[in-house]
Structure formats: structure tokens, C-alpha cells
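What follows is a single structure, written as C-alpha cells, with notes after it.
Residue indices begin at 1 and follow the sequence shown.
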Amino acid sequence: MKCDDESIDATFDDGRTLSLPIAGLAFLRRATSAERRDCRVCDRGTGIYWPKLDEVMGVDVILGVPEDEVLDLIS
């Protein structure tokens, strides 16, 4: 997991790395570079957490699928 001034990059267990531009994510556009970089995986691998921003985003956003599909995979 990596987040910088341009995108969120997530590497999945199957080796795929997907990127999502932060341009459409207001909470990340408003954040400082340091706040963006401080992210971690949460919720059994289904979320990304930015503690300095107190924000969580589901990986469904990066995958472009409904949240239910991601949750079905872990149940």
C-alpha cells in the first residue's frame, strides 16, 4: 500500500498492483503529503486507513466493484 501526491497504489495477494488517482478524493486532495503517506491496511484487508486524517476507504473503490463483492470474498 502506498499513497502519494498523485495516487493510491495497492498491491494485492495475487501480485496485481492497481492505482487510483487521488484527484477524485477530496479528503486526500486537502491532505498534506505526510498525511497522505501515512496509510495502512485495515478491516481484514478490505480497507485503507489514514490515521492522521481519521479516514477509511474500502478497497472496493480501487477495484471498482461494489463493497458487497469484497465482503463476500472474506466471509
Side-chain angles (χ1 to χ4, degrees):
M1 175 66 49
K2 182 185 89 152
C3 184
D4 59 27
D5 294 341
E6 300 297 321
S7 64
I8 302 167
D9 301 316
T11 302
F12 295 88
D13 288 344
D14 64 3
R16 289 179 298 153
T17 298
L18 299 177
S19 295
L20 177 71
I22 67 165
L25 302 168
F27 77 96
L28 287 176
R29 283 195 328 268
R30 290 189 302 265
T32 67
S33 292
E35 290 169 332
R36 283 187 204 104
R37 284 191 309 269
D38 184 20
C39 63
R40 56 194 64 136
V41 176
C42 66
D43 297 331
R44 299 187 309 171
T46 65
I48 306 163
Y49 177 55
W50 287 267
K52 293 178 181 173
L53 303 172
D54 195 28
E55 291 282 352
V56 176
M57 183 181 81
V59 296
D60 56 296
V61 176
I62 294 173
L63 291 169
V65 300
E67 182 180 21
D68 291 347
E69 287 185 27
V70 174
L71 297 176
D72 285 345
L73 292 174
I74 64 165
S75 55

Do [X] and [Y] have side chains that approach each other closer than 4.5 Å (heavy atoms only, starting at C-beta)?
X	Y	value
Met57	Leu20	yes
Leu28	Leu53	yes
Tyr49	Asp54	yes

(message) Is there a path of hydrophobic side-chain contacts, each under 4.5 Å between heavy atoms of I/L/V/M/F/W/Y residues, joining Val56 to Met1?
(response) no
Report the distance from atom [atom1] of [X] to atom [atom2] of [Y], rounding to the nearest 0.5 Å.
X	Y	atom1	atom2	value
Lys2	Ser7	NZ	OG	6.0 Å
Arg16	Leu63	CZ	CG	6.5 Å
Ile22	Arg30	CD1	CZ	11.5 Å
Ile8	Leu18	CD1	CG	11.5 Å

(message) I'd like to know if the side chain of Arg36 and the backbone of Arg29 have a donor-acceptor N/O pair within less than 3.5 Å.
(response)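 It does hold such a pair.
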(message) When you measure from the side chain of Glu35 to the backbone of Thr32, do you find a donor-acceptor pair of N or O atoms at a distance under 3.5 Å?
(response) yes
(message) Show, in sequence, the C-alpha distance, side-chain angles and deciding distance for Ile48 and Val61, and conclude whether the side-chain contact (heavy atoms from CB on, under 4.5 Å) test is met.
(response) CA-CA 10 Å; Ile48 306 163; Val61 176; over 6 Å; no
(message) Does Asp13, at its CG atom, have more than 12 non-hydrogen atoms belonging to other residues, nucleotides or ligands within less than 6.0 Å?
(response) no
(request) Starting from the C-alpha separation in whole Å, work towards a yes-or-no answer on salt bridge (Lys or Arg N to Asp or Glu O under 4.0 Å) for Arg40 and Asp38. (result) CA-CA 7 Å; Arg40 56 194 64 136; Asp38 184 20; 3.0 Å; yes
